[in-house]
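Following this message is one structure expressed as C-alpha cells.
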Protein chains: 2
Amino acid sequence: MVKPSRSIARGTPTNPVVVRILDCAQTHFARFGYEGARVDEIARDAGINKATLYYQVGDKAALYHAVVGPLLERMADDVERKVNREPTAESRLRAYVGSLAQLLVQQRDLAPLLLREAVDGGEHLTDAMVGNIARVNQALRIVLNDGISQGEFRAVDILTLQSLVVGGLFFYAGAAPLRARVATLGSHVALRAGSIPAHRLVDTVMDLVLRGIVSTRDDPLAGGDDDALTIRSN
Amino acid sequence: MVKPSRSIARGTPTNPVVVRILDCAQTHFARFGYEGARVDEIARDAGINKATLYYQVGDKAALYHAVVGPLLERMADDVERKVNREPTAESRLRAYVGSLAQLLVQQRDLAPLLLREAVDGGEHLTDAMVGNIARVNQALRIVLNDGISQGEFRAVDILTLQSLVVGGLFFYAGAAPLRARVATLGSHVALRAGSIPAHRLVDTVMDLVLRGIVSTRDDPLAGGDDDALTIRSN
DNA sequence: AAAGTTTTTAACCATATGGTTAAACCATCT
DNA sequence: AGATGGTTTAACCATATGGTTAAAAACTTT
C-alpha cells in the first residue's frame with residue numbers, strides 16, 4: 001500500500017495536493033464565505049479536478065472544516081499558552097491582545113472567516129470548533145475577572161469590554177475590504193486600507209484599554225461580584 | 001390609473017405588500033447574507049408569489065438595495081445630525097456612540113448586515129450606500145481629529161480607535177448568534193446572549209473610551225498632525 | 001512485465017435557484 | 001355590463017452548483 005492519505009481530520013496534512021487545496025479553499029472561504037465559495041473554483045485554483053478534491057478532502061462542509069478547524073485550534077492554543085505564562089493581569093491582557101493581533105496579521109483570512117461565523121452563529125462549525133472559540137473567549141474573561149477581583153482592574157462590564165477588544169481587533173483586520181471600497185469613492189478623505197502593523201496595533205489597543213480599565217485611587221472598589229453573567233434566551 | 005406603485009427607489013414605501021416583502025427580506029438578508037438568502041423563501045415568508053416580488057421590487061439585487069439603502073441613509077443622517085448639534089468633542093463622541101448604539105438596538109438587523117458587508121468589501125452595495133457608510137466613518141474621524149487638535153483628546157491612532165469603537169459596537173450587536181451558539185455548548189461559563197441594553201452599552205463604552213483618550217496633564221501635547229492617513233493599496 | 005492499488009479525470013447527474021411568462025384576477029372607469 | 005389597466009399567480013425555464021461515477025492513468029509490489 002502507498003500513503004494512506006485520505007489526509008484530513010488528522011494533524012497538518014502533508015500531501016502537497018491536499019495542501020494546495022486547503023490553501024485555495026481558505027482564500028475562497030474567507031473572501032466569499034461558505035455559501036459564496038464555489039467548489040469548482042477552488043478546484044480550478046488548486047489546479048486539480050473537482051473529483052480529486054472530493055476524493056482527497058470530502059464535500060464542501062469537510063473542506064471548510066479542514067480549513068477552519070486547525071485555524072481555530074491554533075488560535076485557542078496560542079492565546080491560552082501566551083496568556084497563561086504571564087503573571088499579572090496587565091501582562092496577561094497584553095499577551096491576549098498580542099497573540100490575537102499577531103494571529104490576525106499572520107493569517108489574514110482568520111478575521112473574515114471568524115467575523116462571518118460570528119454573524120452566522122457558527123452555523124458551519126462543529127461543536128469542537130465552537131469550543132475553541134469559547135476557549136479564546138474564556139481566556140479573556142478570566143483575565144478580566146481576575147484583574148477585577150484582584151483590584152488591578154476596575155469593575156467594568158465584561159461583555160462590553162470583550163466586545164470592544166475582540167470586535168475591535170477583528171474589525172480592524174476584517175473590515176479592510178470595506179475600507180478599500182470606501183477609498184475608491186475618491187472622497188478627499190483617505191483611509192488606511194491594508195497593511196496591518198501588528199505591534200503598533202497592539203500598543204495602541206493596550207494603551208487605550210489599560211487607561212480605560214486600570215484601577216486608580218478614586219475608582220469604586222473592585223470586587224469579583226460582577227460574575228453574574230446571565231443567559232437571556234433570544 | 002390606480003396607484004402607480006412600482007414603489008422602490010423612492011422614499012419609504014407605503015404599499016403594504018412591498019412593506020411586508022422588505023420586512024421579510026431584511027430578516028433573511030441579515031440572517032443568511034446576500035448569497036445565503038433565498039428569494040423563494042422571502043416570498044413565501046411574505047405570503048406572496050415570487051413573481052409578485054419581482055413585479056413589485058425587482059431582482060435580488062434590487063431587493064437587497066431596497067432593504068439596505070434606507071437603513072444606511074438613516075444611519076448616516078442620524079449620526080451626523082446628533083453629532084453635529086453637540087458642542088464639545090466629548091459630547092459629540094457620546095452622541096456618536098449613542099446614536100450608533102441606539103440604531104443597532106432598534107434595528108437588530110443592521111449589525112449583521114453591515115458586518116457582512118464590511119467583510120465582503122461592500123460587494124453588494126451601490127456607491128451611494130458606501131458613501132453613507134463613509135459619512136458615518138467620517139463623522140467619527142472628524143470628532144476625534146477635532147478633539148485631538150483642540151487638546152481635548154490625546155493623539156491616539158485614529159484608525160485603531162475607530163475600529164475599537166465601531167467594531168466593538170457592531171460586534172457586540174452582531175455576534176449575538178455566535179454567543180448563543182457558544183452558550184449551547186453547556187460550558188459552565190454562561191454568556192449573556194441576546195437582549196442589548198442600549199444606554200448601558202453606551203455608558204460602558206463611553207466610560208472606557210473616554211478614560212482611554214481624554215487628555216491628562218502628563219500626556220504628550222496633542223497636535224492635529226496625525227492626520228497623515230495614508231493609503232497603502234493591498 | 002504483470003498484477004494490484006491508489007490517484008486523477010472527463011463526463012455526467014440531480015437539484016436548487018434566480019428569473020420569466022402567459023394567463024387569470026381584480027379594481028376602476030365609462 | 002364591458003373595457004381598461006394594474007396586480008397576482010401557477011407553471012415554466014436556464015443555468016449554476018454540489019456531488020458522483022466509471023474509466024483512465026500513475027504508481028507499487030511481486
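Lettering of chains follows the sequences in order, A, B, ..., and the numbering in each one begins at 1. Note that these values count all heavy atoms, side chains included, but never hydrogens, waters or copies made by symmetry. Since the structure is predicted, the reported quantities are computational estimates derived from the model, not experimental observations.
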Legend entry - Verdict with supporting geometry, A:Leu113 and A:Tyr64, side chain to side chain contact (heavy atoms under 4.5 Å, CB included): CA-CA 10 Å; A:Leu113 284 171; A:Tyr64 187 74; 4.3 Å; yes
Legend entry - B:Ile21 CD1 - D:dT8 C1' separation (whole Å): 11 Å
Legend entry - C:dT7 phosphate, OP1 or OP2, under 4.0 Å from A:Thr52 side-chain N/O: no
Inset, instruction - Quickly work out the B:Lys60 NZ to C:dA16 P distance and round it to whole Å. - result: 16 Å
Legend entry - Polar pair under 3.5 Å, donor/acceptor by atom type, side chain A:Lys50, base D:dG19: yes
Inset, instruction - Compare every heavy atom of B:Leu71 with every heavy atom of B:Val67, then report the nearest pair and how far apart it is. - result: O-CG, 3.6 Å
Inset, instruction - Verify whether the ring centers belonging to A:Phe171 and B:Phe171 lie closer than 6.0 Å. - result: no
Inset, instruction - Calculate the interatomic distance between A:Ile48 atom CD1 and C:dT8 atom P; express it in whole Å. - result: 8 Å
Inset, instruction - Choose from D:dG18, D:dT9, C:dT9 the nucleotide whose nearest atom is closest to any side-chain atom of A:Tyr54. - result: D:dG18
Legend entry - Contact summary for B:Leu72 and B:Asn132, nearest pair of heavy atoms: O-CB, 3.7 Å
Legend entry - A:Gln106 and A:Arg74 side chains, donor-acceptor separation under 3.5 Å: yes
Legend entry - Closest to side chain of B:Asn49, choosing from C:dT8, D:dT20, D:dA10: D:dA10
Inset, instruction - State whether A:Tyr55 places a side-chain N or O below 4.0 Å from either non-bridging phosphate oxygen (OP1 or OP2) of C:dT8. - result: no
Inset, instruction - Would you jot down, in residue-number order, the residues of residues 32-47 of chain B having a non-hydrogen atom under 4.0 Å from DNA chain D? - result: none
Inset, instruction - Would you please confirm or rule out a distance under 4.0 Å between OP1 or OP2 of D:dT8 and any side-chain N or O of B:Gln56? - result: yes
Legend entry - Enclosure of B:Arg31 CZ (heavy-atom neighbours >12, cutoff 6.0 Å): no
Inset, instruction - Starting from C1' on C:dT7, measure out to CG on A:Asn15 and report it in whole angstrom. - result: 10 Å
